[in-house]
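A quick write-up on the structure given underneath.
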Amino acid sequence: MTSLIITQILNGLTIGLIFALVAIGLTIVMGLMEVVNFAHGSFYMFGGYITFFVFSAVGSFWLGLVVAPVACAILGLGLYYAIIRPLRKRHPLEPLVALVGVAMICRQLIRNIWGAEPKLLPIPFGRVQVSLAGAEFTYPIYFFVVMGVGVAALLALYLLFRKSDVGIRCLAAIQDRDTAMSMGVNVDRIGSLMLVIVMGVAGLAGGLVGPIFSVYPTMGLELIGLLFVIAIVGGLGSIGGAVIAGVTIAMTKSISSIFVSGNISDILAYCVLLAILLIRPRGIMGLATVME
Amino acid sequence: MSDYLLQLEDVHTYIGMAHILRGLSLALRPGEAVALLGRNGEGKTPTIKTIMSLLPPRRGTVLFQGENIAGAPTHQVASKGICVVPKGRHIFPALTVMEHLRVPVVNKKYRREDMLKQVFAIFPELAERKNQPARSLSGGQQQMLVIARALMTKPRLLLLDEPMEGLAPVAVKRVIESMKAVKEEGITVFFASASCERALAVAGRVYIIEKGRIVYEGSSPELMAAPEVQQKYLGVRE
Amino acid sequence: MSLSPRFRLLLGAAILVLVLLPLLGQPYLIYLLTMSLIFGIFAMAYDLLYGFTGLVSFGHSVFYGLPAYAMGMVAVTVFKYPNPLVMIAAAMLTGLVLGCLIGFVCTFARGIYMALVTFAFAQIIELLVLHDPWGITQGENGIMGLRAAPLSLGGLTVDLFSGVGLYYLVLGLIIASYLVIRALVNSPLGDVFKGIKQNEERLLSLGYNPRPYKVAAFGLSGMFAGLAGAMAVFLNNSIVPSMVDWAVGAEILLITIMGGAGTLIGPIAAAFLIIFAESYAASYLGGGNWVYVMGGLYIAVVMFLPGGIFRTRYLKKAFV
Ligand SMILES: Nc1ncnc2c1ncn2[C@@H]1O[C@H](COP(=O)(O)OP(=O)(O)O)[C@@H](O)[C@H]1O
Ligand SMILES: [Mg+2]
């Protein structure tokens, strides 16, 4: 029993970090550009499929993990110029409608190319013997690798937002767009840069989870609701908040799934969300933001 | 080229459907300190936002150094040498003091280190609190911070929207001192205020705004000598 | 919001066409028209909340689907009392009560956070309906056999609840709903709604507490959404979990924005556009490729018709 619980805690941590990584991108885009990027999940899916494609063409999963974020970043730039920039002066829900259209088209595109069935990526490495809190069990090494890459990526984002001018300006614009512009900050240009970065990160996440969940056309759309929840509960532009929210939600799901069916554990996860939103109506790390 | 630094000519600005500035004209000479006086709701904030292009005017011209900047993107207005201290301060609550000073885009002609030195010379209280989150500063310190933040762009014209409002008397004194220091640097100062008395401590010249139009223009001594004007436009309405 | 004479004429002509269309005698066309009208009612309900009060809900599927399940409880699973008028009343009442309840809870938060609370509710309710812990919703199968018995009016029985009869009933209901909602948004209550949308702070400073009004907007929106859900049950003869799928709520949001939020007529027009486009694209392009048409439509409308179909320059002139 203890080993089962610890396994689920580790699973929750791994998945929660990945959720947080993708969700941060959503909060940045939402906070900075007032764009509810429904197509964000599509880039996560692209990341998974590009990794799969490279793996099946060249045989290297790791090369796939490098190509996926780069390709997704480039696609992200395309999305910026095709949809987000032309609609940047509109009511925030108008780009949302267009981006729902983009997400629908992306899913179908993937279906037409690779079919509706999940594509399996083999899990690299084997399992390792773990003894923790008196429990002995084996755990896949790859999950630890995912945690490591996830933490590294989160750290990179943290450094970007706290140590570089562009990151600090981005945070400033999220908190008070008009004032940041009055200080000479070109918010549109930072927006395009951020979109490129966060889409690359989403692509990386999609590739990372490939061996865990396999890749399939609805993997993005399935997740997008939960991602919004994590993004907003964490607080716009807050990395720490997104990590707390992501890990909390993933842990709730993975630990409660020991005791109750998958459906009920989902219900519990949403109840946790409801509770957080009602106790902290502006998110865990919430600040006054542009979206109100 | 005219000898004005900034010139607003028959400016009409709308907020949604509401016609807020109704043919406003004013002009600032380089190096002046000028106050925009008026009761609440007469259009002082919209005037400042119009200059910053945060509320682009629907009609009229905003000439800065002879160039029409009406409707230019706000960040470009800033890069031309106008910066603003918004009403209610508008700090970035999650950023530290030092991070605040990294937000403004410094003109390429200057080095950030030099600018920081200058700014900390005017506001030594900020140098001591570099790594403190801005939201933990007192109201007066926050006001210093946003003035310092605006100065980081090395503007030729500094706009301030009700910079003394809601501050303790000591802090008001500091704000007045620092505005004078800014003027001494050769920076043109234009600020909105609802209080005649405090404004006259800094301004050499005043405009009075009512219902989106300039209704009075004069030097500070002139306005001081005209209590009936003060009562008519700024006093408590009967 | 009043309509210009030319626009009234246009509207009259549209209604006339809708009245005459059943003469073509095409059941599938009637089906699509009925579905469009139902989504039209649903979209107006959404518009009341979003377009006029400025409140975004990501969980409107709840107000469409749960009233349908309430009908199912009344007629099939719990009370077994299949009187059509009682069923409709139960659906509308459920929508109203549910709207007030969810509205009460979610208006603790504001803006996007409030929208997220509606989303969480929608997720929880969808999962509960699917899981069916209390044996009411019949899980994934849904509740079947709900098409209401013909209505008896003093010895005369009219079948309002299938085919052309249902079509005319829904047509009547959408006109009635339009008139009621229009009267509502032009009433003093509607002025408060619009005040909440434009500037909530100002309302607060004028001494209004906006929350009861927000709850009322949710309740009223829920009631009309429930009416739409009820009609969909009669049309499809079943209540299925996909009625509470949050995608339904997302679709109605898209329809409302595409049509032009705050115009009532626009969302109805967009409902027709989406229902017909979906159906024809699905039948002409096999294998799910109709999604390209729908996705393209969403993108194109937003790109080329800012503010929605009914906010384009020509049609704007029609509103005096
Ligand atoms: N969001 C808004 N919508 C419509 N009118 C507004 C809005 N904000 C301000 N106003 C109007 O603009 C005018 C100027 O207001 P304000 O900016 O408060 O002036 P001041 O800075 O002189 O106090 C007032 O008549 C006010 O009612
Ligand atoms: Mg003001």
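Each chain gets a letter, A, B and so on, in the order its sequence line appears, and its residues count up from 1.
Looking at M303(C), the atoms closer than 4.5 Å to chain A (heavy atoms on both sides) sit in the backbone and in the side chain alike. Both the backbone and the side chain of Y292(C) have a heavy atom closer than 4.5 Å to some heavy atom of chain A. Neither the backbone nor the side chain of C106(A) comes within less than 4.5 Å of any heavy atom in chain C. If you measure heavy-atom distances from A82(A) to chain C, the contacts under 4.5 Å come from the backbone alone. In this structure, chain C has heavy atoms under 4.5 Å from both the backbone and the side chain of I83(A). With a 4.5 angstrom heavy-atom cutoff, V293(C) does not touch chain A via any of its atoms. Within the 4.5 angstrom heavy-atom criterion, atoms from both the backbone and the side chain of L109(A) approach chain C. Residue I257(C) touches chain A through its side chain alone, counting heavy-atom pairs closer than 4.5 Å.
Remark: the backbone N or O of V302(C) is paired with a side-chain donor or acceptor of R90(A) at under 3.5 angstrom.
Enclosure of atom OH in Y216(A) by more than 12 non-hydrogen atoms of other residues, nucleotides or ligands within 6.0 angstrom is indicated. Taking a 6.0 Å sphere around OH of Y208(C), one finds it holds 12 or fewer heavy atoms contributed by other residues, nucleotides or ligands.
The CE atom of M294(C) sits 13.0 Å away from the CD atom of Q108(A) when rounded to the nearest 0.5 Å. Residue Y298(C) holds its OH atom at 14.5 Å from CD of E94(A), rounded to the nearest 0.5 Å. Between atom CD1 of residue I267(A) and atom CD1 of residue I124(C) there is a gap of 7.5 Å, rounded to the nearest 0.5 Å.
Residues I299(C) and I105(A) meet the side-chain proximity criterion, which asks for heavy atoms closer than 4.5 Å. With contacts defined as side-chain heavy-atom distances shorter than 4.5 Å, the pair F228(A)/F58(C) does not qualify.
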For residues 239-256 of chain C, please give each side-chain donor-acceptor pair under 3.5 Å, one per line with the distance, not counting sequence neighbours.
| from | atom 1 | to | atom 2 | distance (Å) |
| --- | --- | --- | --- | --- |
| D245(C) | OD1 | A247(C) | N | 3.0 |
| T256(C) | OG1 | I252(C) | O | 2.7 |

Take F121(C) and L274(A) through the test side-chain contact (heavy atoms from CB on, under 4.5 Å) and record every step on the way to the result.
CA-CA 8 Å; F121(C) 268 115; L274(A) 257 183; 4.2 Å; yes

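Listed by first and then second residue, the salt bridge (charged side-chain N to carboxylate O under 4.0 Å, His left out) pairs involving residues 237-253 of chain A are K253(A)-D266(A) (not counting sequence neighbours).
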